[in-house]
Each structure stands twice: as C-alpha cells, then as structure tokens.
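Below are the structure tokens for one structure; questions will follow.
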Amino acid sequence: MTNNFLLSHRQEEPEKGILYLVGTPIGNLSDISSRAINILANVSLVACEDTRQTKKIMNRFNISNNLISFNKENSLNKISKLIAELKTGKSIALVSDAGMPGICDPGEDLVSEVKSAGLSVICIPGACAAITALVSSGIPSSKFIFEGFLPKKNIDREKILFEISKNEKTTIIYESPYRLKKLLKELLEFCGGDREIIVARELTKKFEQHVGNNINDVLTYFKDKEVIGEITLIIKGIKKENNQGINKADLKKDLHELIKAGLSISAASKYLAKKNGIKKSIIYNLN
Ligand code: SAM
C-alpha cells in the first residue's frame, strides 16, 4: 500500500509549471536519490550552476535533458525567462554544482521570485555539506547558526568573528582550503585556542577527514600541511555561564554613551576594549 503510493507519487512527477530544487551529491555520486534522477530526466529543462558539472551527473546515470546555465553572473537576466517558461506549463529543475541549491549557491533569488509570481516550488532534498558536517561532528546539533563563507571585508568579518566568539550556539562555516589557515588564526584570536572545533574535509569522498578537537590542535595539525579539498568548519558555542554578559548590543550602548559624554570614538573604543578584553577595532566598528 505504502510502496504503491510512493511509486505512483513519483510517477506523477514532474508536474507542469513547477520549479523543482534538486539536491545533488557533495562528492559521492551514490548519494543521489531515485526521485532526483527521475526529476532530472523528465523535467522540461534543467537550470544548472555549471552545465559541465551537471552533465557529469547526468552521464553517470545515463540520463540526458535540456541543460541551461543559471549562475551568479547571469541569474538576473534568466529569472524572468525561467518564470515565463513555468507559466507556459514547463517544469524546471534547479541544481547547483553540488549539494542543495540555495545554500551558498544561486537559487535563493529565483525561488523568491517564482513564489512571488504565484508559482509552486518543490524541493527534492539531497546532501548539504553544512548538515553533513554538523551531524557527524559530535558538537551539539540542536541549535546552530550557518554563516556560509565569512565576508572578506575586514570590518564585516571582525563583526562576525566577534559574534561567533560570544555565540552559545554551534556555528557552521564554509571555507576554501587556501584560506583555512588564515581563518583558524583569526578564530584563535577571537575565540581562544581551547574552543572546540571540527574541520570536516572532503565529506562523503574517499579521503573524508574530521580534524579536531580544539582550535590549537587543528592549527597544529595543518601547520606544515598543504590544505586541499573542500572544507566545512563546525565550532562549538560557549557555555552560558562563560558568556560574561558581554553582547554586541550592550557594547554598542556603552560606546554611544561614552561618545555622548564627550569621548572621541577612538578613545571610547580603546577604553571599552581594555575593559572587556577584546580588540579595539571590534568596538570601533560597532558604531
Ligand atoms: N550547496 C552546497 C551545499 O549544499 O552544501 C554548498 C555550496 S558552496 C558554493 C561550496 C562549499 O561547501 C565548499 O567551499 C565547502 O566549504 C562546502 N563543501 C561542499 N562540499 C563539501 C565536502 N564534500 N566536504 C566539506 N565541505 C564541502
């Protein structure tokens, strides 16, 4: 009974005029679902971050379909065209190079526009590096914050690093292997070497690796190594009782009060930095 229901449900897919978000593997091609294969084979067209990448998946499962490119560079132009296609009753699958479309990949804007146009979006779930790393880390997974890639601009980056240092929830970060050591050094500066962390490398692939246990250990491990492969970091939150009551809102309020009392922003930041044991630039940038 249940099997029949599942089968008939699948055979009815894809339906006309629907945008399907299709999760694809993050390394191990066997992680694709039969439902995803069915959708990729039978929609009217597949919008891909990189058609060459998606072609590899299609070839592996002996399916072919009409692939078009949809990426950061061309998404603005393509969204209205894709919506027009959906309105004519065509079904579209959106895939990224790996994992769930919409997670640090183009897709977010398309989904929002498609929904605003009154059309339906259905997700065919698949692997996501953030969740795969989180659940295998041993670090609490019930409450977490996903930061994706940290901003490159110093001022924005320091703000987020500061938030992570005070965060009671687990933090998930994506990082390129070339920038891992720099990020670990920044985390050391903001969070201290004892902070628990797992660097998950090459998840679901042949050389999958989970490096821990704290920031000092991980820095030592990678010190003389060339970092290669894809990287996701999981950072444990701090205990509530260790949070010393410092938070961004309080600091901002203190900063504004000192400025109002006549101190320059530089002097006020210096004073608060010393008082709270954190970098002056972090306070300065809160203004
Ligand atoms: N949409 C993808 C998802 O659902 O996870 C993420 C795409 S984002 C552009 C790519 C980043 O995800 C990589 O730079 C890396 O930080 C992380 N990532 C992807 N595959 C991974 C893997 N197999 N192991 C560890 N991290 C991975």
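Indexing begins at 1, ligand by ligand and atom by atom, following the structure's order.
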**Message:** Checking K16 against S44: is there a side-chain donor and acceptor pair closer than 3.5 Å?
**Reply:**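 No.
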**Message:** Among residues at least two apart in sequence or on other chains, which ones pass side chain to side chain contact (heavy atoms under 4.5 Å, CB included) with I37?
**Reply:**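 Residues passing side chain to side chain contact (heavy atoms under 4.5 Å, CB included) with I37: I32, F61, I63.
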**Asked** Do we see a donor-acceptor contact under 3.5 Å between the side chains of D109 and S75?
**Response**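 Per modelled atom types, D109 and S75 side chains form no pair under 3.5 Å.
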**Request:** Write out the protein residues near ligand 1, meaning a non-hydrogen atom under 4.0 Å from one of its atoms, in order of chain and number.
**Result:**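 Heavy-atom contacts below 4.0 Å: I26, A98, G99, M100, I103, C104, D105, C128, A129, F149, Y174, E175, A200, E202, L203, K205, E230, I231, T232.
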**Asked** Taking NZ, NE, NH1 and NH2 as the nitrogens, is one of them in E186 or K182 under 4.0 Å from a carboxylate oxygen of the other?
**Response**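 Salt bridge present between E186 and K182.
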**Sequence-distant partners of Q209, side-chain hydrogen bond (donor to acceptor under 3.5 Å, both in side chains), two or more places apart** =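 With neighbours one apart ignored, the set is R201, Y221.
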**Item:** Test side-chain hydrogen bond (donor to acceptor under 3.5 Å, both in side chains) applied to D50 - qualifying residues, sequence neighbours left out
**Value:**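 With sequence neighbours excluded, D50 shows a side-chain hydrogen bond (donor to acceptor under 3.5 Å, both in side chains) to R52, given in chain and number order.
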